[in-house]
Amino acid sequence: MKRISKIFITLILCLVMLWAQMALAAHSASVSGNSSIQAGSDVTLTLNINGSNIMGVEATLNYDSAVLEYRSYSGKLSGWDVVLNGTKFVMYGVGNPINSSTSVVSVTFRVKSGLSAGAALSASFSNIVVSD
């Protein structure tokens, strides 16, 4: 009987873990800007979230400060607050959940002077956590 109980408990825990993984939202980031990047060009990084009943998002901004200068950010959801602490964004809405694919925040950078031809630009979001 103890063996059956352990199997049952293990099965329930696996189902809970699977449900928790399914509850996580998908996310992606996209970069936009001029087709030819040069010193003084603006580049925008946008965080997109796809899920349902999402009321909060956290993400860490990563970028190469040797070639990109942080300029500004813009929240993309009406009724949501955006707080930036260093490079960590915290975004949350009250009564206005995400229920489809949507842009949450955009960050604008300026390409610094002295950029070498063929240099790679690097900007991304990491440690993305969503909550309901």
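Using a 4.5 Å cut-off on side-chain heavy atoms (C-beta onward), Val67 and Lys112 make no contact. Contact annotation: the side chain of Val57 approaches that of Trp80 to within less than 4.5 Å [non-hydrogen atoms, C-beta and beyond]. Put simply, the side chain of Phe89 does not reach to within 4.5 Å of the side chain of Val104, judged on heavy atoms. The closest side-chain heavy-atom distance from Pro97 to Ile54 is not below 4.5 Å.
If you check the side chains of Asn99 and Ser52, you find no donor sitting under 3.5 Å from an acceptor.
Aromatic ring pairs are classed by plane angle as parallel below 30°, tilted from 30° to 60° and perpendicular above 60°; the pair Tyr70 and Phe109 is perpendicular.
One distance of note links NZ of Lys76 with CD1 of Ile49; it measures 14.5 Å at 0.5 Å rounding. In this structure, Ser106 OG and Leu45 CG are separated by 7.5 Å, a value rounded to the nearest 0.5 Å. Rounded to the nearest 0.5 angstrom, Asn96 CG and Leu77 CG are separated by 7.0 Å. The OG atom of Ser100 sits 7.0 Å away from the CG atom of Asn50 when rounded to the nearest 0.5 Å. A distance of 9.0 Å separates CE in Met55 from CD1 in Ile98, rounded to the nearest 0.5 Å. Between the CG atom in Asp42 and the CZ atom in Arg71 there is a gap of 6.0 Å [rounded to 0.5 Å].
With hydrophobic clusters built from ILVMFWY side chains whose heavy atoms lie under 4.5 angstrom apart, Tyr73 shares a cluster with Ile128. Hydrophobic clustering places Leu84 together with Met91 (ILVMFWY residues linked when any side-chain heavy atoms are closer than 4.5 Å, directly or through intermediates).
Nearest heavy atom pair, residue Ala39 against residue Ser113, reads CB-CA, 3.6 Å.
Looking at residues two or more places apart in sequence or on another chain, you find a side chain to side chain contact (heavy atoms under 4.5 Å, CB included) between Thr87 and Thr60, Leu61. Remark: Val111 engages Ile37, Ser41, Val43, Leu68, Leu115, Leu121 in a side chain to side chain contact (heavy atoms under 4.5 Å, CB included) (not counting sequence neighbours).
Crowding of Lys88 atom NZ: a count of heavy atoms from other residues, nucleotides or ligands under 6.0 Å not exceeding 12.
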